[in-house]
Amino acid sequence: MKFTKTKVIILIFTVFLSAGFIGTSALGGTNSVTQSATGFIAPKVLTNVSLNDGLISEFWVNITSYQNISEYGEGGFVKFANNATHLYSLLVFPKDSDWVSVEFEPDPEACMTNLNDGWSFYTSESPDSVEAKDVKFIGIRKPEDDTQKNLAIESVFVDNLAYVELVRPFDTEDADGFDITYSNGSLNMLQFASKASHFGAHTDYYLLITDSIIGEVPLDPIVDIPVGANLGQIKFLLLGVTPAGVFVFIIFHAIRRVFTSPIQHGYERVVGNSYKPPTFMERWRETFTSED
Amino acid sequence: MYETETLKTEKKTKIPENLLVVERYKRSQRIHHWIHVILMVFFLFTGFELFIKMYFVGDYHTTRTLHLIFSAFIGFWDLIIFPAIVIKFKKYGEIIPTPRDFLDMFIIFLCAIRILPDSKYPHYDYYNVDEKKYVMKYHPAQKVLSLTNLFAILAMGVTGVVLSEQINPGYVPSIIVDIFNLILLPLDWFAIDIRLVHFFVFLYFLMTTMVHFYFAIIPQNRERLRGMVTGKEKIPLKEK
């Protein structure tokens, strides 16, 4: 049999690589992607927090806070809480801050230089408002908005302070946004910054997620967190599907052209001066009009 | 007369006795190809590391720096050196696809799915023994890829530079970044993410590299692969 050894090598190579790519794809899917039937993540629905009642929920009183965060200016503090699936936060800062931010897992030696997950809040005073952005840091400049937005907030203004209640799913499934995935027991460093403290030193804080349930949280209204097309998911999907498609082609070709009826290119390839490459029409005629 | 080589003992195979030994690739072409392969492997690998956020050598910063260094080399190697070689050796006719090449690809596909018999298969490389040169040399798909690769590398470079400058500005002269941003302006109109385009070009290279590698190692192309290593190809002479 012709080329038996080579054929066996190709077959083994193809099978192993196929397994490798399928494995890689599956790994990506397990860690980063949860697919719905349509290939997109369904919008997250929260059912246990009130974000449009114009009030700061009372349960924050009993939550331990990060007191006196100097980066946020006078009166600034932050609180975190969680249930089994979502992270809750209350962020308080002067309403004339222009902007404040949180960076998760910052590089201890140089903040904002990595593709780190973060939140940015832009304030405006006429009328009082806060715009929350789910972001990734991209260097010493304005962070880039995530395509997929996973924050839901309500802002309330008392005296000169802005109070922002925020809810975010533990797992946003946003690989493209470099979002951190939280879980029970996870410990993450974070730093705070504002326009006023931008170039100063930043204290390292740590956020520990414990398996506690927030009590006394109003059950309505339902809050839909806006979610765009999840590019991270699409990319992981394509990263699995594309090589798989190529392998299907390779297997088809190998069966058809290597194992069963290989084309023998060799015997007519040496020509003389009389040979002229066919034109389009000559090729067309010799292929589709002449007798085989 | 032309050079021939006779295989001494071939008991178990049906390889013809007489083979014509010809030069398929010049040394400069081979050096270009293999350096391109090495650069591309590291380029794709470091890009993949950045994508999955797992770094096998160093950390994010190291990997990103390596990725940028390889991309700069590839840009230089494929957008300047490759055209220079093509021009120096006057190889345009060999690599620029013609309408017949697209027809050939279609016919090859029809043969593969058995709509046309294999006797209609359009052979695509011929060696002229009188002039001692190839009159046709590459598979039509190779010719198409040789051009699309250039555009893909260009797209990779433009999107890569813009993305890089977004993260760490100041490495590339601002005039170049401005020009690249202008080129990518249509993406903004259609709200297409630059990083997504960069990723699609990566997929293109992943796909074409896999296919190219597969075709390079199949038995029918063994001599062509040998040509890319040694420069020489052994073509079986027509049996009388």
Side-chain angles (χ1 to χ4, degrees), chain A residues 2-3 6-7 9-10 13-14 17 24 28 107 113-115 138-141 144 147 175-176 178 231 234-235 238-239 242-243 245-247 249-250 252-254 256-258 261-284 286-288 292, chain B residues 13-14 16 20 22 48 50-53 60-61 98-100 102-104 107 110-114 116-131 135-136 166-169 193 195-196 199-200 203 206-207 210-211 214-215 217-223 235-239:
Chain A
K2 278 185 184 177
F3 311 126
T6 311
K7 286 173 185 173
I9 291 171
I10 290 171
F13 167 80
T14 306
L17 273 190
T24 304
D107 184 339
T113 57
N114 208 335
L115 291 168
I138 54 171
I140 309 298
R141 57 201 293 266
E144 190 174 275
T147 307
D176 198 51
F178 297 89
L231 291 181
I234 293 171
K235 285 178 180 176
L238 287 172
L239 196 63
T242 306
V246 172
F247 275 117
F249 165 77
I250 287 175
F252 168 78
H253 187 275
R256 175 83 177 96
R257 283 300 183 210
V258 177
S261 55
I263 292 287
Q264 297 299 335
H265 297 281
Y267 303 107
E268 298 170 356
R269 291 177 52 207
V270 179
V271 296
N273 269 339
S274 59
Y275 180 81
K276 295 283 183 284
T279 62
F280 181 94
M281 286 313 298
E282 286 168 346
R283 181 74 91 200
W284 180 275
E286 76 186 38
T287 304
F288 297 109
D292 184 31
Chain B
T13 70
K14 294 179 181 176
L20 178 63
V22 302
F48 185 69
L50 291 172
F51 177 71
I52 62 172
K53 292 187 279 186
Y60 163 78
H61 297 285
T98 63
R100 196 211 60 234
F102 291 98
L103 177 61
D104 283 355
I107 296 169
L110 294 181
C111 290
I113 60 174
R114 296 177 188 271
L116 285 176
D118 284 350
S119 59
K120 297 285 188 183
Y121 188 96
H123 294 281
Y124 48 80
D125 61 344
Y126 292 88
Y127 186 78
N128 184 328
V129 289
D130 297 326
E131 296 187 6
V135 279
M136 292 163 66
Q166 282 180 358
I167 295 172
N168 282 90
D193 187 41
R195 189 168 276 111
L196 188 65
F199 175 75
F200 274 121
L203 280 187
L206 181 67
M207 231 171 22
M210 288 169 65
V211 172
Y214 163 73
F215 279 113
I217 63 169
I218 62 175
Q220 290 90 340
N221 290 330
R222 182 181 291 165
E223 282 303 318
I235 305 176
L237 288 171
K238 196 169 183 176
E239 289 178 320

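Below, chain A is the first sequence line, B the second, and so on; all start at residue 1.
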### Query
Could you state the interatomic distance from CG (B/Leu196) to OG1 (A/Thr147), rounded to the nearest 0.5 Å?
9.0 Å

Side chains of residues 276-283 of chain A: which donor-acceptor pairs under 3.5 Å do they make with residues two or more places apart or in other chains?
unit_1   : atom_1 : unit_2   : atom_2 : d
A/Lys276 : NZ     : A/Asn273 : O      : 3.1
A/Thr279 : OG1    : A/Glu282 : N      : 3.2
A/Glu282 : OE1    : A/Thr279 : N      : 2.8
A/Arg283 : NE     : B/Asp104 : OD1    : 2.6
A/Arg283 : NH1    : A/Glu286 : OE2    : 3.0
A/Arg283 : NH2    : B/Asp104 : OD2    : 3.1

### Task
Quick one: list whatever passes side chain to side chain donor-acceptor pair (under 3.5 Å) with B/Asp130, sequence neighbours left out.
none

### Query
What's the verdict on side chain to side chain contact (heavy atoms under 4.5 Å, CB included) for B/Val129 and A/Tyr275, showing C-alpha distance, side-chain angles and the deciding distance?
CA-CA 11 Å; B/Val129 289; A/Tyr275 180 81; over 6 Å; no

### Task
In sequence, state the C-alpha distance, the side-chain angles, and the governing distance for A/Leu238 and B/Phe199, and then conclude on side chain to side chain contact (heavy atoms under 4.5 Å, CB included).
CA-CA 10 Å; A/Leu238 287 172; B/Phe199 175 75; 4.0 Å; yes

### Message
What part of A/Arg256 gets within 4.5 angstrom of chain B, counting heavy atoms only: side chain, backbone, both, or neither?
### Response
side chain

### Query
From B/Leu116 CG over to A/Phe288 CZ, what is the distance, rounded to the nearest 0.5 angstrom?
5.5 Å

### Summary
Between the CZ atom in A/Arg257 and the CD1 atom in B/Ile218, the distance rounded to the nearest 0.5 Å is 10.0 Å

### Message
A side-chain contact here means heavy atoms from C-beta on lying under 4.5 Å apart; do A/Pro243 and B/Leu206 qualify?
### Response
yes

### Task
Find out whether B/Ile113 and A/Phe252 are in side-chain contact, i.e. whether some heavy atom of one side chain is under 4.5 Å from a heavy atom of the other.
yes

### Query
By a 4.5 Å heavy-atom criterion (distance strictly below it), what part of B/Met207 contacts chain A: side chain, backbone, both, or neither?
both

### Task
Select one option (side chain, backbone, both, neither) describing which atoms of B/Phe215 are under 4.5 Å from chain A's heavy atoms.
side chain

### Query
Hey, is the main chain of B/Asp125 close enough, under 3.5 Å, to the side chain of A/Arg269 for a donor-acceptor pair?
yes

### Message
How long is the straight-line distance from CZ of A/Phe247 back to CE of B/Met210, given to the nearest 0.5 Å?
### Response
3.5 Å

